[in-house]
Amino acid sequence: MRTSVLRQAGLCRAAFAARHIQISSKSSAALLSQITRVAAVQSLPSASPPRFYSAEATAQTDNAGSDGLITRFADLASLGVHENVVRAITRGMGYENMTEVQSMTISPALKGKDIVAQAKTGTGKTLGFLVPVVQKIIAQEPELAYAPNRFGGKRARSDDIRAIIISPTRELAEQIGEEARKLVRGTGLIVQTAVGGTQKREMLYRTRQQGCHILVGTPGRLNDLLSDSGSGIDAPRLSTLVLDEADRMLEVGFDEELRQILQFLPDRKVLPRQTLLYSATIPKDVVGLARTYIDKNNFEFVQTVKADEVLTHDRIPQYIVPVKGFENIYPALLELVLKGIKESQTNPDALPFKAIVFLPTTAEVIVANQIFRRLKYNFRDIPRTWDIHSKLTQNARTRSANDFKDARTGILFSSDVTARGMDFPNVSHVIQCHTPPNREQYIHRLGRTGRANKPGQGWLIIPDIELQVARNKLPGLPIKRNDELQCATVDAADTGAAKHPHFEHIADAVSKLPHEAFKECYQSYLGGALQGVDRQKLVYALNDLSKFGWGLDQPPAVKPGIAAHLGRVQGLRVESREDRHRMGGPGHRRDLPGRGRRQSDDPFDNVLDRAQSLDRRPSRREQASF
DNA sequence: AAAAAAG
């Protein structure tokens with residue numbers, strides 16, 4: 001039985017220390033300067049100062065701020081929200097109090113304003129945009145507030161879609177669709193989802209059959225359906241467009257696809273529509289892009305985060321574990337997992353152990369899951385594990401996501417496909433291995449824990465060669481160094497020393513992997529997953545991993561094209577014809593261990609000690625905390 | 001060769 005995470009009672013009692021920037025604002029806050037300046041010029045001549053809502057200001061007026069802001073869902077009726085919708089929230093979904101972002105966005109959105117909203121992870125942004133989406137459709141066609149019955153009611157069409165919600169991943173689109181269906185239960189509104197990896201024909205059949213008012217989807221499939229004039233899917237009277245994870249949707253790659261989708265939607269100048277942009281992170285450069293999507297004369301930028309406030313939750317401790325080499329990562333991860341399990345068993349206040357482990361490439365996600373499945377034979381306490389990434393079939397992805405949502409305990413090994421928006425209830429640990437691609441992605445990944453005021457903890461496992469890059473990418477976050485994991489500092493190359501037993505357990509699990517897995521892992525790291533890390537150091541680190549972590553005699557050979565693109569790096573083995581033949585041949589067995597032996601004439605030669613740091617010092621005012 | 005997203 002899936003329970004929605006957002007147990008919202010109490011959320012809105014948290015201090016209302018939010019900034020509420022009106023279009024008339026002359027705020028000079030750096031983040032907003034661009035957007036607010038334009039708005040200020042074009043709108044009210046008598047600019048009023050930005051309004052700040054503080055805990056003091058709202059303490060006495062529980063239900064309404066000075067702006068008539070309401071904080072209880074039951075009071076939405078006073079803003080004209082239909083009782084069937086209110087009932088779906090208060091009875092069906094079981095929510096009573098609004099979160100800050102809901103309170104501050106729903107009423108202006110109900111008035112028809114475009115919204116750019118930034119609020120921390122796990123604070124209910126989805127419901128925040130769904131309520132105005134639903135109510136607007138009902139306002140246009142009041143009979144849609146009621147489910148059709150034999151006495152009447154309008155039959156929904158597939159070519160009269162009123163709202164489109166776009167998400168960066170398929171699972172997030174499905175999740176939003178589920179929440180939307182809960183919200184419209186009891187009304188006549190129909191929600192459909194359109195994502196890749198699913199049977200397009202089935203979706204089209206269902207949609208033509210049932211109709212659609214609210215379409216939730218990912219860019220590729222939406223584009224596919226809308227560009228196909230024979231699909232029967234159309235939105236000539238579109239009233240609302242929502243970009244969830246807006247900053248991500250405006251990034252290169254998605255932006256072009258978005259532009260195409262917009263081509264198939266009614267021209268805003270002919271048919272004005274409402275646009276809602278929501279995210280936990282809205283970097284400065286994205287604010288400029290957002291401008292092209294919103295009505296400059298009628299919008300609000302709502303931030304429930306103060307100007308200099310950190311975007312992560314104070315109650316979620318964040319730790320970094322610097323580890324010596326790549327080969328230390330799995331032993332350290334195992335140590336951390338066992339420690340977390342023990343904590344959940346001994347500390348009655350701790351959540352059951354439910355972790356997401358983020359890894360930088362799909363190849364590594366697969367390997368990690370294989371390794372931990374094997375480790376379960378030796379460590380009975382390790383819970384069930386899943387993996388999820390784009391190379392799985394959509395069915396497998398959906399199964400992993402749903403199983404992990406429903407699980408009390410478990411470990412989900414994941415690529416960045418689940419980094420944003422996914423609502424896995426009661427995640428106790430978010431563990432990020434290697435340096436995340438950027439600061440925003442770190443914040444979103446961490447946001448998979450600590451949702452709806454729940455506890456949780458965040459961990460980073462970072463090899464020494466990435467440490468400076470990690471500092472550059474993660475300034476201004478309260479990340480504390482943690483030196484408690486014994487496996488972190490073990491020198492896997494030191495044959496003399498007795499290693500921590502976890503190294504042997506990992507070696508056993510690794511020995512069951514096919515050689516192809518190592519090759520794919522090795523190559524995947526060379527493709528820019530660790531942007532900013534010195535290529536030469538990376539190759540040496542991977543060669544150490546091959547030898548001391550995977551027990552290989554020589555590093556996997558890479559395709560000639562990769563070597564050519566990397567240019568002048570030492571220690572790279574390039575694939576020869578024989579290699580390809582051997583690899584494809586039947587019964588190939590890789591040579592086992594030989595761990596710890598170092599031969600001076602092979603490409604493993606570790607010259608790391610001599611390598612000079614090529615990393616530049618950060619020029620930012622803000623420094624990393626570790 | 002690197003998350004993701006259309007087949």
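Per chain, numbering begins at 1; letters A, B, ... match sequence-line order. Computed from a predicted model, the values in this text were never measured in an experiment.
Where DNA chain B meets chain A (any atom under 4.0 Å from a heavy atom), the bounding nucleotides read 5' to 3' are B/dA1 to B/dG7.
Within 4.0 Å (heavy atoms only), A/P360 reaches sugar-phosphate atoms of the nucleic acid but no base atom. No engagement by A/G561 is indicated, since no non-hydrogen atom pair under 4.0 Å with the nucleic acid exists. Within 4.0 Å (heavy atoms only), A/Y525 reaches no atom of the nucleic acid at all. If you check every strand for non-hydrogen atoms under 4.0 Å, A/R248 touches a base. Base engagement by A/H565 is indicated by at least one non-hydrogen atom pair under 4.0 Å involving a base atom. Using a 4.0 Å heavy-atom criterion, one finds that A/R397 contacts the sugar-phosphate atoms exclusively.
Checking each of A/L276, A/V133, A/L262 against A/L241 for a side chain to side chain contact (heavy atoms under 4.5 Å, CB included) leaves exactly one that passes, namely A/L262.
Relative orientation of the A/F424 and A/F404 rings is perpendicular, given thresholds of 30° and 60° on the angle between their planes. Relative orientation of the A/F353 and A/H429 rings is tilted, given thresholds of 30° and 60° on the angle between their planes.
Rounding to the nearest 0.5 Å gives a distance of 4.5 Å between CG of A/L513 and CZ of A/F518.
A salt bridge does not link A/K391 to A/E520: none of the charged nitrogens lies less than 4.0 Å from a carboxylate oxygen.
Every residue two or more places apart in sequence or in another chain that forms a ring pair (Phe, Tyr, Trp, His ring centres under 6.0 Å) with A/H434 is listed here: A/F326, A/Y525.
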